Protein chains: 2
Amino acid sequence: MEQADLAEPKPRLGRKRDHTRDPEILEATLDVLAETGYDGMTIDMVAARAKAGKATLYRRWSSKPELVLDAVACMKSSEIDLEALPDTGTLRGDLIALIKPPNIRDAERKLRVMAGIVSMIARSPELAAAAQEALVEPRAAANRIVFRRAVDRGEIPDSVDIEQLCTIGPALVAYRALMLGKPVNREFLIGNIDHVILPAAGVRPA
Amino acid sequence: MEQADLAEPKPRLGRKRDHTRDPEILEATLDVLAETGYDGMTIDMVAARAKAGKATLYRRWSSKPELVLDAVACMKSSEIDLEALPDTGTLRGDLIALIKPPNIRDAERKLRVMAGIVSMIARSPELAAAAQEALVEPRAAANRIVFRRAVDRGEIPDSVDIEQLCTIGPALVAYRALMLGKPVNREFLIGNIDHVILPAAGVRPA
DNA sequence: TATATCCGGAACTCGACAGTACCGTATAGA
DNA sequence: TCTATACGGTACTGTCGAGTTCCGGATATA
């Protein structure tokens with residue numbers, strides 16, 4: 001019968017594509033994106049950084065926008081493990097425990113990538129969705145759990161808007177880094193927790 | 001003697017440059033910048049929008065970066081009048097009074113301009129300074145006065161960090177608009193005031 | 001072993017844009 | 001009135017980068 005090759009997606013011949021290189025190329029894309037921004041980034045830069053040929057890139061992604069979209073979408077990897085979130089017993093303790101060098105470094109790179117694609121976001125709903133999913137949502141998810149636990153244990157009133165609380169931290173960080181160009185250090189982050197987030201959550205200042 | 005024409009900056013001859021067109025050209029630049037972003041913007045677009053010749057632009061600004069820098073720097077015009085700030089007697093009243101359609105419209109355009117140049121800011125200290133001065137500082141200045149008055153009248157403790165308080169509102173707005181792509185409406189702004197800014201300022205929830 | 005596809009790399013095409021030059025016209029000072 | 005410059009507009013130049021094509025070599029199927 002040979003009834004359509006729906007079940008045989010690749011009865012191909014010859015050397016097979018080495019998909020172990022995909023992550024390396026996407027990482028290179030993110031690096032260049034973070035360093036030069038979307039328009040400053042060239043395919044040659046990415047290929048050189050990944051030690052790959054330009055043709056190799058075009059065999060896998062049909063265009064520059066597709067490559068960037070995929071790179072951003074595949075970024076959700078090195079993320080906070082939602083199963084192993086700190087559980088110190090207090091909201092403040094949990095929030096501070098989330099400030100760890102690896103998390104900060106990860107967030108810094110994400111911010112630079114975000115800066116590089118902000119102007120595209122307004123013009124590409126797909127990229128906007130990918131950025132949302134990969135850059136914004138993971139952090140919000142971690143915060144959400146921590147706040148939810150605080151509500152459950154009665155530490156903060158359940159009248160609070162958890163979705164709003166989740167965005168305060170990221171918003172302050174993004175604004176300081178991208179708009180003000182000031183460093184995001186531990187002192188700043190703790191100040192945010194103590195003077196903005198916890199008051200907004202309804203925690204009495206100690 | 002003819003001792004240097006230091007005192008004669010323009011003993012020129014012929015038709016004079018029509019400087020009344022400068023603001024129109026800079027406005028056109030900001031419009032295109034807001035719509036397409038820095039890299040998407042072309043000098044031809046700006047010239048067409050301003051109904052000017054490209055040569056006219058290059059007679060006044062030596063390059064695209066110079067033009068954009070000047071346009072951003074000259075943006076502080078349609079700003080909140082610091083002399084005529086609302087004075088309702090309460091911090092909440094003052095903050096809400098600052099939410100007016102003209103202010104919102106102004107802020108939206110500034111946000112789009114900001115989005116268009118964010119990726120350049122990291123690479124151009126001059127542009128970063130101009131954006132800081134024209135887009136960030138005016139709003140912070142208005143907030144600063146309002147908070148200062150609240151401290152002076154004893155409505156909020158003078159232990160608060162006014163500089164930090166000033167950035168909360170802009171940060172939440174920028175994050176919502178640029179990162180989340182959600183609308184910045186009156187409801188959102190009032191929610192920010194009541195659930196984030198006032199608690200951070202140490203105002204007891206009514 | 002033959003063939004088809006992969007690889008990194010280099011050379012190429014093609015379109016877009018920054019910046020320049022020039023047109024005919026308008027306007028200021030000598 | 002003459003001259004030098006500005007104006008809006010168009011055409012040109014030079015560069016740069018996206019995307020394509022081809023190379024010699026590697027590798028998997030038949």
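Lettering of chains follows the sequences in order, A, B, ..., and the numbering in each one begins at 1. Just so it is clear, the structure is predicted and the values come from calculations on it, not from any experiment.
Rounded to an integer number of Å, the gap from A:R49 CZ to C:dG8 C1' is 18 Å. One atom, NZ of B:K54, and another, C1' of C:dC22, lie 13 Å apart when rounded to the nearest Å. One interatomic measurement links the two molecules: CD1 of B:I43 to P of C:dT20, which rounds to 11 Å at whole-angstrom precision. We find that CG of A:D44 is positioned 14 Å from P of D:dT20, with the value rounded to whole Å. In this entry the distance linking NZ of A:K64 with P of C:dA16 reads 16 Å, nearest Å. Whole-Å rounding puts the B:H19 NE2 to C:dA28 P distance at 14 Å. Here D:dG9 presents its P atom at 12 Å from CG of B:L57, a figure rounded to the nearest Å. At whole-Å resolution of the value, CZ in A:R17 and C1' in C:dA4 are 14 Å apart.
Looking at heavy-atom distances under 4.0 Å, A:A55 makes contact with a base.
Around CG of A:D87, the count of heavy atoms belonging to other residues, nucleotides or ligands within 6.0 Å exceeds 12. Within 6.0 Å of atom CD in B:E126, 12 or fewer heavy atoms from other residues, nucleotides or ligands are found, so the atom counts as exposed in its surroundings.
A salt bridge links A:R92 with A:D194; the closest basic N to acidic carboxylate O contact falls under 4.0 Å. Using a 4.0 Å cut-off between a side-chain N of Lys or Arg and a carboxylate O of Asp or Glu, B:R21 and B:E24 qualify as a salt bridge. We find that B:R17 and B:D22 are not joined by a salt bridge, their nearest charged nitrogen and carboxylate oxygen being 4.0 Å or further apart.
Of the side-chain N and O atoms in B:T56, one or more sit less than 4.0 angstrom from OP1 or OP2 of D:dG8. A close approach under 4.0 Å does occur between a side-chain nitrogen or oxygen of B:R21 and OP1 or OP2 of D:dG8.
To the nearest 0.5 angstrom, A:L165 atom CG is 8.0 Å from A:I197 atom CD1.
Taking the ring axis of B:Y175 as reference, the NZ or CZ atom of B:K182 does not stay both within 45° of it and closer than 6.0 Å to the ring centre. The side-chain tip of A:K64 does not point at the ring of A:Y58 from less than 6.0 angstrom away and within 45° of straight on.
Comparing B:R59 and B:S63 by the nucleotide of DNA chain C that holds the closest heavy atom to each, the one mapping nearer the 5' end is B:S63.
Contacts with DNA chain D (heavy atom under 4.0 Å) in residues 30-41 of chain A: A:M41, listed by number.
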List, with names and distances, any nitrogen or oxygen atoms from the protein found under 3.5 Å away from nitrogen or oxygen atoms belonging to nucleotides 24-27 of chain C.
| from | atom 1 | to | atom 2 | distance (Å) |
| --- | --- | --- | --- | --- |
| C:dA26 | N3 | B:R15 | NH1 | 3.3 |

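Two residues are said to be in side-chain contact when any heavy atoms from C-beta on lie closer than 4.5 Å; B:R139 and B:L98 meet this criterion.
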